Every structure is written in structure tokens, then in C-alpha cells.
Peer 1: 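Have a look at this one before I ask anything.
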Protein chains: 2
Amino acid sequence: MKADYAFTYDVPLQRVVFASGALARVGDEADRLKISRALIVATPGSGERLGKKVCDFLGASAAALHAQAVIHVPKAVADGGLKAAHETKADGIIAVGGGSAIGLAKAIAFQTGLPILAVPTTYSGSEATPILGMTDGERKITVRDAKVVPRTVIYDPDLTLGLPAAISAASGMNGIAHCVEALWVDTRTPVTVGLATEAMRRFGQSLPAVVADGTNVSARADCLIAAWLAGTVLNSGTALQHKLAHVLGGLGLPHAEAHAIILPHVTRFDLEAAPEARTRLEEALVSTDPAGAIAGMLNRFPIPERLSEIGFDRSKIDFVAEEVAAGKITAPRPVSADDVRGLLSAAY
Amino acid sequence: MKADYAFTYDVPLQRVVFASGALARVGDEADRLKISRALIVATPGSGERLGKKVCDFLGASAAALHAQAVIHVPKAVADGGLKAAHETKADGIIAVGGGSAIGLAKAIAFQTGLPILAVPTTYSGSEATPILGMTDGERKITVRDAKVVPRTVIYDPDLTLGLPAAISAASGMNGIAHCVEALWVDTRTPVTVGLATEAMRRFGQSLPAVVADGTNVSARADCLIAAWLAGTVLNSGTALQHKLAHVLGGLGLPHAEAHAIILPHVTRFDLEAAPEARTRLEEALVSTDPAGAIAGMLNRFPIPERLSEIGFDRSKIDFVAEEVAAGKITAPRPVSADDVRGLLSAAY
């Protein structure tokens, strides 16, 4: 029997509220989680502005705005967030923004058990997973813990209308990476495969539309839905694509861009050994060459196409190859250090 | 924006264990639910034989086998089940069989709050829903209550290998009815639409294979997966197809067969007003005429194709039409009593 004919499926309890203008419900949803002293976590800049808006909606339930999230959650940043939660006697965290803000909220929840309410504004999908990534020096550490799963997610597509084309494109490719890999991991279930297919279809149709016109409301909503579904399927496990992005992230490369750049190469490499995934991608992307279709998206999007463009140090190829090979990935095919060297050279 | 761009999604917590031979895990899964005095509920006959096997696996945790389930859960049967639960001091219910056994377990759980562990052997999907249907005279009563959702479901495709072709076909068409309707109800979400599409694809490929050869293990597993997904999407709500099946069920017609017979007619009627559902069905069924494809399946399957063949009394057409019209269905299009008369005449 095929791999998805034997599985166990446990659903994490997560409530999702999706609507244009749903941000206005943040107070009600915080009440529902019995949060009366919220620490609002965001990145500096535009994230901070949105965080202030959330504070306004929350009124007396907002304990403090902590707009110090940074990509990949460096240990010092996590410690700073934890300190803020203690000092403000927070009884819940509201993460506003992309993967960086949600990552910091998770780092705090991991230590404190505080409930998270997430308001995502990019397509990282982090809000749908129990996965917490932190960096310490050049290595990225990943933890899985049910208590870091946001209890409630508010998706308001209006918040994404101003997301720049380059960030939309990179973040969307990150979401596509979740879907593609979900189709070939050993630990897939019919639910993850079904939702990954659904998300791919939506990204394939709507991500190019969003990159072309960021104010296309339907396409924005579609991409945010796809991002959510892509996040949920990440729970079924990951393989080469995410391992590679993980190691590159540890080296300080931007997460979404690294995902985007390696994705066509990994897809081409792995689809050779994953005929079912290939069929689904062909259908979802309406193309007989899914890896080529993904490469074409990357090529047309206003984002870097090569690792050399995002600061990858070529001398690190061996380090990355050895780290990835040490992961002993077997599905959908075994990956050697030489395979990784080949992929990195092609992507460089 | 499209209907699925504003929704709230709350996940019912249900554990699913799916594997060939998974029945042997029934004791472990009962322990997990802290069931130490299980009332095993089944239909008489083959259901009873399977129930005995479950008793053997459970050993001292089996309080009694109550093999008196009947289709549509007549009130007297529900009362009998409740009495058995009280007399045996059961602390949990294990439902073994199709929709009738699971329905009786739900009727007991509705009154007692006892947890249900379900071991489904058909494609009804009842195990995945909070919907409890009971009959009292000629009317069918439907209740929705989270406490009747089985906490754990064990799917063992081996248990379905002996399901006769006619029952497999009718039960599978019942599952397809869940999927089709999930694509056009107003209350759909991206998850229900995605999983309904996934289930349709699996039923479309594997149900004909199962009807042709009931021992095709992969096709059996695929249909059981599809049945599960089809059950979960039923939670997003129902419209004409299920309303009609519900009223016909109240008249004593067999549930799955009634669903199967009316499905091509309802599909043709509603797809006119549901272009997105049409596109998805075209893809999933690999056909430019999805209603025709479903009619073709019905025609090739060894089951009745007309209401006249399953004991429908033509003089009841007006009663059914008025009952359905009173439901004031609006999605994907309004349904008048005359519309229903037309559908019933065509299906008769």
C-alpha cells in the first residue's frame, strides 16, 4: 500500500477567524482566550505601527508593545521577549506580523506556556505550526512543542494589501515550499496531501496576481488562505527543502528568499522519485514541468534567483552539504553530500 | 470576495488511526480514552460477528455487546441502547460497523455524554461528524452536538474487504454526496473545499475499482480515506442533496441508496449555479460533465437507479416537495417545491 495508507492523525486545536476587517475582532478573540494583559509582539517599523493599532483595539487589555522581533529569533532577542513578558506580568501574547514576530511569540510561549493569538501579515505559515526556530551563532535550533501553537489566528487580508511585491513573492515561495515538500514526505496523511494540493492550486493562481498587483483583494485573500493551509501541512514533517533552508538560515541568509531560490532545484531533484507528487503538482500548477513552472515564477518575480545574490559564501558549500547529509533524509530519495553540493552549485 | 474568503474555522478534536490491521489496536485506543467498561454497539449479523472480535480484543474492558443497531436509529432502538448503557454501567461506547451502528452510539452518547470510539466499516462518514439522525414515525430528526463526535476513529481497511459490491457502491455514492454538496454550501471553508476535492478525486478513481473487485486493497484503503474526508466536510453544512435524502429517509427509504439515486439529479440542478464547484468536479472526476459522470457511475454500479425501485411511494412527492421547500435552501440556488417535484419525478 502507498505511504498514506497507514497513518495517525491528531488535530491540534486551533481556531481561525478569516475575514476582511477581522483585525477589529482582536479584542473579542483575546477575551475568548481569557487574555487580560497582552504582550503585543511585532517587528520594528511597519510591524510596530500595526502593533499600536492592536493596542488601540485592546484598550486596557494591552499590557505592552514589544516591537523587537528579528528574523530567525536570535537567542538574545528571545531572552529580551521573555523578560518583557515577565516584567509586564503578561497573561497572553499577541503576535502581529510575519514569521519573525510569530517566532518570537513562540519563543516566549515555549518558556512560559502563555497562549498566543497570532495576526499574520505574510505567507510564512508559522502561525499554523508547533515549530519554533531560534538561532544561536551560526546554527539554527528547531523545537516542536504543542504549547507554542497559536490558539487563535486572525487572518485579515486587508493587512496584506501593502506588503511589497518582493516580500509577497519571497514569502509566497516559502509557502509553496511547504506544500511541495508535504507531497513527498513519508509522514504525509491524506489530509496534509489534500490541503497541500489545495494550497498549491491557490498559490499557483493567485501569487503571480498578487506580485503583479498587491491591491488585488481576491488574490490577496487567496494567498493568505494558501499560506494558512501550507502552514498546517508543515506539521506532517519536512525533508530536503526545509533541511537545506534551515542550514542556510543558520548562516544568516534570509529565510523566505533562501527557500525561494533553492525550491526549483530541490523540486526537480525530488520529483524524479515522487511520481504522485509530480501528478498533483502538474494538476495544481497546470504544467507538465512543475519544477520548471516554479523556476519560471521565481524568474518572473522581483526577488533574487541565486544564492550568490543573497550573501551566500561559496566556501560554506561543504559545511552545508555535510550538515544536510547528516540529516540522513531518505524520502522521497536519499540525499548525499554530493547531491547537496550539486544543488547548491546550481543555485549559486 | 468569494464565499470562502470570510469564515471561522474551529477544529473538533478527533484522533484517527488508519492502518491495515488497526483493529488490533482497539484495546490501546480504548485505554487512551480511559474506557474500562465498553458497550460495543453493532448491527445484528456481520456487525455482531465483528463486535465479538472487538470484545475479544478488549477482554475485561468489554462490558457488553449490544448488536441491535437499525438504520436511521428509530426512537425505540435508541431507548434500548440507552438502557443497555445504564444497565452495564458503561463508561464508553465502541461503535463497530456503518452509519447505523455509529448512529446508535451517538444517540446513547447524546443522552449520557459517554465517549465514542468508532470502527467504521462502510463509507457513510458518520464517524467524522457531530450529526445525529433519529427517526420518530415518518419524520427524521437531526441533532448536532459536539459530544456525539467519536473521540477516536480506527479505520482498518481490511474490515471492508468483504463489503458486498452493492453496499460499497451505495455507501460510496453517499460519501460522494457529502463531497459534492460541500463544494457549494455557503458555509464552506478552504479546508472543507480542499478536503472535499481530495475525497472526490479518491472516490472517482477508487470507488469503481472497489465495486469491480472488493478485494483490491489499495482501492479499499483509498475509499475509506475518501469516506473519512467526506465525513469531515459534512460539518460545513448541507443543502438540497442532504435535505432531500433526509426527508426520504424519514419515509423509511434506505439512506445510502436514496442519496445515490438523487445525486446525479441534484448535481445537475445545482451545478448550474455553482461554477467553482463545477470546475473542481470536472478536475476531480476527469470529466467535462460531472453530473453525467456521477450518473454513469450509478448506472454501472449494481444498485437501484430509480426511486421506484427502493419503495418510494409516488403519492408522497408533494409531501417531500413541501418539506424540502420549507427548508428555504438558497445556496447555490433557491429551491422551490416545483423544483423538488421535477427532481423527484426524474429520479422516480
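This is a predicted model, so every value here is computed, not measured.
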Peer 1: With rounding to the nearest 0.5 angstrom, report the CG to CG distance, B/Leu159 to B/Leu224.
Peer 2: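 If I round to the nearest 0.5 Å, the distance is 8.5 Å.
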Peer 1: Where on B/Arg25 is there a heavy atom nearer than 4.5 Å to chain A: the side chain, the backbone, both, or neither?
Peer 2: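 For B/Arg25, side-chain heavy atoms alone lie under 4.5 Å from chain A.
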Peer 1: Among all residues two or more places apart in sequence or in another chain, which pass the side-chain hydrogen bond (donor to acceptor under 3.5 Å, both in side chains) test with A/Thr129?
Peer 2: A/Lys106
Peer 1: Just so I understand: if I count every heavy-atom pair under 4.5 Å between each of B/Ala199, B/Gly194, B/Ala22 and chain A, which residue has the most?
Peer 2: B/Gly194
Peer 1: Just so I understand: if I count every heavy-atom pair under 4.5 Å between each of A/Thr232, A/Leu229, A/Leu195 and chain B, which residue has the most?
Peer 2: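 With the most close heavy-atom pairs to chain B, the winner is A/Leu195.
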Peer 1: Can you confirm whether the side chains of B/Ser20 and B/Asp158 place a donor and an acceptor under 3.5 Å from each other?
Peer 2: yes
Peer 1: Listed by chain and number, what are the side chain to side chain contact (heavy atoms under 4.5 Å, CB included) partners of B/Ala291, not counting sequence neighbours?
Peer 2: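 With neighbours one apart ignored, the set is B/Thr267, B/Arg268, B/Asp289.
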